[in-house]
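Below is one structure; the comments refer to it alone.
Since the structure is predicted, the reported quantities are computational estimates derived from the model, not experimental observations.
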Amino acid sequence: MSELKEAPQAVEPFPLSTLRHSVAHLMASAVAKLFPEVKFGFGPSIEHGFYYDFDLVEPLTDKDLKRIEKEMRRIARKTPELVRHEVSREEAREQLAGQDYKLEALELIPEDEQLSFYAHGDWQDLCQGPHIDTLDRDYAFKLQSIAGAYWRGDEANPMLQRIYGTAFWNKEALTAHMEWLKEVQLRDHRKLGVEMDLFSHHAEAGSGFIFWHPDLGCVRREIENFWWDLHTRAGYKPVYTPLISRESLFAVSGHLENYSEMMYAPMDIDEMPYRVKPMNCPGHILIYKNRGRSYRELPLRWAELGTVHRYERSGTIHGMLRVRGFTQDDAHIFCTPDQLADEIAGVCSLVHQILTGFGFEYTAYLATRPEKDTIGEAESWERATAALKDAAKMQKLPLVLDEGGGAFYGPKIDYKIKDALGREWQNSTIQCDFNLPERFDLTYVDSDGKKKRPILVHRAILGSLERFVGVLIEHFGGKFPLWCAPTQVAVIPIREEHGEYCRGLAERLEQELLRVDCMSQEAHMNKKIKEAQARQVPFMLIAGERECSDGSVALRRRGTREQEVMAFDDFLELVLKLRASRSLELV
RNA sequence: GCUGCUGUAGCUCAGUGGUAGAGCACUUCCUUGGUAAGGAAGAGGUCAUGGGUUCAAGUCCCAUCAGCAGCUCCA
């Protein structure tokens, strides 16, 4: 797979983030010049560049970006020197007169902190720095986009206009970054979804609901099979639970109380309110509670590809990555406190197998007890957190500490995966829960004959099929590995009279449950090759006179133009082997 | 939800208040081609939807729906 990452930086006179912060200042000064009535918000450097927030009367347009860039270059030439001066709080207030947001920002700075301004030309900004020394150094920058952003990220506050830009120490690095952005755009799952006929959504059906087309259906089914194979081996049993349930169930679970803004309105069935489930746990818990449980049957590992529906605000919906109806690869483990560490270790191992099965690198984060509003005894938290740590140790899994990042009902391990473009996504999660066993009064009879409380572990590895497959489309750039590719083999006759031979080959492949497209329709061979290539079919088999006469095929692998002539049986062996191993090799 | 932008053929996009366009894809016919586009013809549209302004609206205005860039929130 092509490893496309951001180009490494050459030796830098200042850190890249410092440069970007300084260019943000430069941009703000240009905006001040062009729009004298502007009020300034914050303007930090961020992962791939910088932004600055402005309160302007008129909305900015893309044309303004060009004007601002031009003004920036002028200012950088004319008054390049960045000068720091320290001031008292009183002086700062005076100098920020009329700048409401800056004055508010000033109040956020602790009393004992030394205040400073950075100035170039006649523009200055309250800022602790650091900055580069002069703005006329060699570097390259670009203003990228305009967007709304709430002052201090709070939607109760007024909305400011944010300009995003980026900067690098040389033109080559900026160009490389722009190339990377282009690649990100090319691989966008929404774009590929249309081009490859993978999925759609419809105004008729409503925003945020995904329609999986047949080709993506194949991909999903393969992923589900892979998932079930590993889960079955890991001792999970399948369960199936209803999409809707009586509202009272969600009152017991607490979802109604804590999660109602995400839940769809009740529907009336026999004068009783029912709700569409936003999570699968209550259903699994009802199965657990269906009869008494003994310590002898724990741990119980129950898995369900459970479809849930959640209300998401209209502006948050995004392709397959953020939707209103989705299928979680959910499972719940009911176990004794003593079993917890082993169970978590088992999940960690499963996460590893599944994520690396798709070629993802990952990082795991241990999220511990939040400072307030938690439930459960301190001792339970300690034991569970220790179990998570022990499990990670057993699996030799390094954990990054996310202090206080746990849920209110228990500590958790979250995973972030890194895709082929170096972007991070959060999908997998393993969560201990002290809350639901309590609310549903879950028990098991221990060896001493006493009723005890089991621990509940929620875990999802793919997260949701929608989000995971969306990420996967971008990760592979539409080039699915053989085992889950929608069409695995394209068979192409050179002339019409070779069609029969090709159909014979296709049939033998189909008998092995391979997904085959026998392109025997009337069209020129070159056109079919182009089409198969465009559809990212892993293998093309091309057959003409020579192949028909000796039972061979001319194999062309995705991404190459070379042909390998081989006996059909040898090809069959090759393709079956690759499929069985769920190989990620680009064939 | 909020700010800004967008909605014309299946896709990518032209279109000056006055007769609805191109390329690709599709259909039919011709073409028998050895590794990325053979040729010709044809069909395809309530210009997102609903109001309004106007002699006249794809074009201007408003609303709704949907999408895009973000903010906030999240699997």
Report summary line: Across all chains, not counting sequence neighbours, the salt bridge (charged side-chain N to carboxylate O under 4.0 Å, His left out) partners of A:Lys530 are none
Query - Donor-acceptor pair under 3.5 Å, A:Arg467 side chain vs B:C74 base - result: yes
Query raised in the report: Expressed in angstrom and rounded to an integer, what is the separation of A:Asp55 atom CG from B:G4 atom C1'?
Result: 14 Å
Query raised in the report: Listed in order of residue number, which residues of residues 148-167 of chain A have a non-hydrogen atom at under 4.0 Å from RNA chain B?
Result: A:Gly148, A:Ala149, A:Tyr150, A:Gly153, A:Glu155, A:Met159, A:Arg162, A:Tyr164
Query raised in the report: Under 4.0 Å between a side-chain N or O of A:Tyr311 and OP1 or OP2 of B:C74?
Result: no
Report summary line: Contacts satisfying ring-ring contact (aromatic ring centres under 6.0 Å, His included) that involve residues 308-330 of chain A (not counting sequence neighbours) are none
**Report entry** Length of the line joining A:Phe209:CZ and B:A66:P, which is rounded to integer Å
**Finding:** 10 Å
Query raised in the report: Taking only residues two or more places apart in sequence or in another chain, which ones pass salt bridge (charged side-chain N to carboxylate O under 4.0 Å, His left out) with A:Arg301?
Result: A:Glu343
Query raised in the report: How is A:His318 classified with respect to the nucleic acid when contacts are heavy atoms under 4.0 Å: base, sugar-phosphate, or nothing?
Result: sugar-phosphate
Requested in this report: Would you indicate what A:Gln426 reaches in the nucleic acid, counting non-hydrogen atoms under 4.0 angstrom: base, sugar-phosphate, or nothing?
Outcome: sugar-phosphate
**Report entry** Protein proximity profile, nucleotides 34-51 of chain B - base contact B, sugar-phosphate-only contact S, no contact -, cut-off 4.0 Å on heavy atoms
**Finding:** BBBBB-------------
Requested in this report: Compare side-chain N and O positions of A:Ser207 against OP1 and OP2 of B:G67 and report whether any pair is under 4.0 Å apart.
Outcome: yes
Requested in this report: Considering only atom C1', compute the distance from B:G70 to B:G21 and round it to an integer number of Å.
Outcome: 35 Å
Query raised in the report: In dot-bracket notation, what is the pairing pattern of RNA chain B, taking Watson-Crick (N1-N3 plus N6-O4 or O6-N4) and G-U wobble (N1-O2 and O6-N3) contacts under 3.5 Å, with [ ] crossing and | for other strands?
Result: (((((((..((((....[..)))).(((((.......))))).....(((((..]....))))))))))))....
